[in-house]
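Quick note: numbers below take in every heavy atom, side chains included, and nothing from hydrogens, waters or symmetry partners.
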Amino acid sequence: MYPLVLLVIKQLLAGLVVGSAITASALPASAAVHNDLPIRWNSGGAVWSTDTEAMKTFLETGDVTDRGLRGGLDGSGWSDEEVREGLTKSYNVDLIGVHRFLYSDEGVRFLKNQTTSYFPYHSMTEYSVQALRSAIIADARDGSISSAGIMANLPVDMRLADFCGTYTGSQNVCAEGQCKGEAQCTSLLSWYVFLPACIQANQAVAPVVEVRRTTAPAPAPMVQPQIIRGLW
């Protein structure tokens, strides 16, 4: 009975966590519920947008129907199939643990570091932490996350910025020592491949204490306290 009660409570808390996370994102009122353009490639004065349909086609069939995606794959440091497998790989997570990490000081620093060149198209870095955090938590609702799931839950269109000498178009791939070469360690698609594993590794999961019904032994009889009389 008690484990079941704890499970119900945890599910209720999870619902509250998601609601508060999305509300607390403080995204601009004009932001869409979900993005249509998860990657808008910026390079100098050129902009090319890869839409959700092109990403969906690639993830489901492996076919590349978009020139921006083609360029991103060629510069990823991985083969098309490796990127596809990496984007669709699922990682088990604890929703509350993910929420706890992403709202911690360490988690905010992590999110800032992970959005150096990839952020909302219009507001840029002003809401980059909130946008990525919202997408991760929304994807974690079912107890698992993937790169494709995070991308699908982005609340706004996102750009990869490489212009004006301010943004380099390079992302800080979170898996130090796991990537090889500049492309794997800085490209957007390689960053996406590693992101869910880093979230899984950093989630702050507290131990769950289950209350179990036990048959405790009868208490021992109370010992009468010895009366010590004062010397007065």
* Structure fact -> All heavy atoms of A135 vs all of I150, minimum pair found to be CB-O, 3.4 Å
* **Close side-chain approach of T88 and E60, heavy atoms under 4.5 Å** => no
* Report the C-alpha separation of T168 and S117 in whole Å, then their side-chain angles, then the decisive distance to 0.1 Å, and conclude whether the side-chain contact (heavy atoms from CB on, under 4.5 Å) test is met. => CA-CA 7 Å; T168 64; S117 294; 3.9 Å; yes
* **Check against side-chain contact (heavy atoms from CB on, under 4.5 Å), S104 and F110** => CA-CA 10 Å; S104 69; F110 172 83; over 6 Å; no
* Report the C-alpha separation of L195 and L132 in whole Å, then their side-chain angles, then the decisive distance to 0.1 Å, and conclude whether the side-chain contact (heavy atoms from CB on, under 4.5 Å) test is met. => CA-CA 11 Å; L195 180 61; L132 182 57; 4.2 Å; yes
* **Counterpart residues, ring pair (Phe, Tyr, Trp, His ring centres under 6.0 Å), relative to Y121 (two or more places apart)** => none
* Structure fact -> On a heavy-atom basis, the closest approach of W41 and L69 is NE1-N, 4.0 Å
* Could you go step by step and tell me if Y127 and V156 meet the side-chain contact (heavy atoms from CB on, under 4.5 Å) rule? -> CA-CA 10 Å; Y127 295 105; V156 292; over 6 Å; no
* What distance separates Q114 CD from S128 OG, expressed to the nearest 0.5 Å? -> 11.0 Å
* salt_bridge(R67, D74) N-O dist < 4.0 Å -> no
* How many angstroms lie between atom CE of M158 and atom OG of S49, to the nearest 0.5 angstrom? -> 13.5 Å
* How close do D66 and G68 get, heavy atom to heavy atom, and via which atoms? -> OD2-N, 3.0 Å
* Asked: Between I137 and Y103, which heavy-atom pair has the shortest distance, and what is it?
  -> CD1-CE1, 3.8 Å
* To do: Rounded to the nearest 0.5 Å, what's the gap from CG on L189 to CG on L160? Could you check?
  => 9.0 Å
* Asked: Between T115 (side chain) and V129 (backbone), is there a donor-acceptor pair under 3.5 Å?
  -> no
* Does the E82 side chain pair with the main chain of S79, one donor and one acceptor, at a distance under 3.5 Å? -> yes
* **Identified side chain to side chain contact (heavy atoms under 4.5 Å, CB included) counterpart of L37 within the set D157, T52, L154** => D157
* Contact summary for V173 and S187, nearest pair of heavy atoms -> CG2-O, 4.3 Å
* Quick one: do E81 and R84 make a salt bridge, cutoff under 4.0 Å? -> yes
* Asked: Got a sec, which residues hit ring pair (Phe, Tyr, Trp, His ring centres under 6.0 Å) with F119, two or more places apart in sequence or on another chain?
  -> Y167
* Asked: Could you give the distance from OG1 (T65) to CE (M55), rounded to the nearest 0.5 Å?
  -> 10.0 Å
* Result of checking L102, N92, V98 against Q203 for side chain to side chain contact (heavy atoms under 4.5 Å, CB included) -> V98
* To do: List the atom of S146, the atom of S90, and the distance in Å for their closest heavy-atom pair.
  => CB-CA, 4.3 Å
* Structure fact -> In this structure, CE of M124 is separated from CZ of R159 (nearest 0.5 Å) by 5.0 Å
* Asked: Hey, is the main chain of Q130 close enough, under 3.5 Å, to the side chain of R133 for a donor-acceptor pair?
  -> no
* Structure fact -> Quick note, ring-ring contact (aromatic ring centres under 6.0 Å, His included) partners involving residues 171-203, not counting sequence neighbours, are Y118-W191, Y118-Y192
* Asked: Roughly how far apart are I199 CD1 and I136 CD1, rounded to 0.5 Å?
  -> 4.0 Å
* Heavy-atom donor-acceptor pair, D36 side chain to D51 backbone, under 3.5 Å -> no
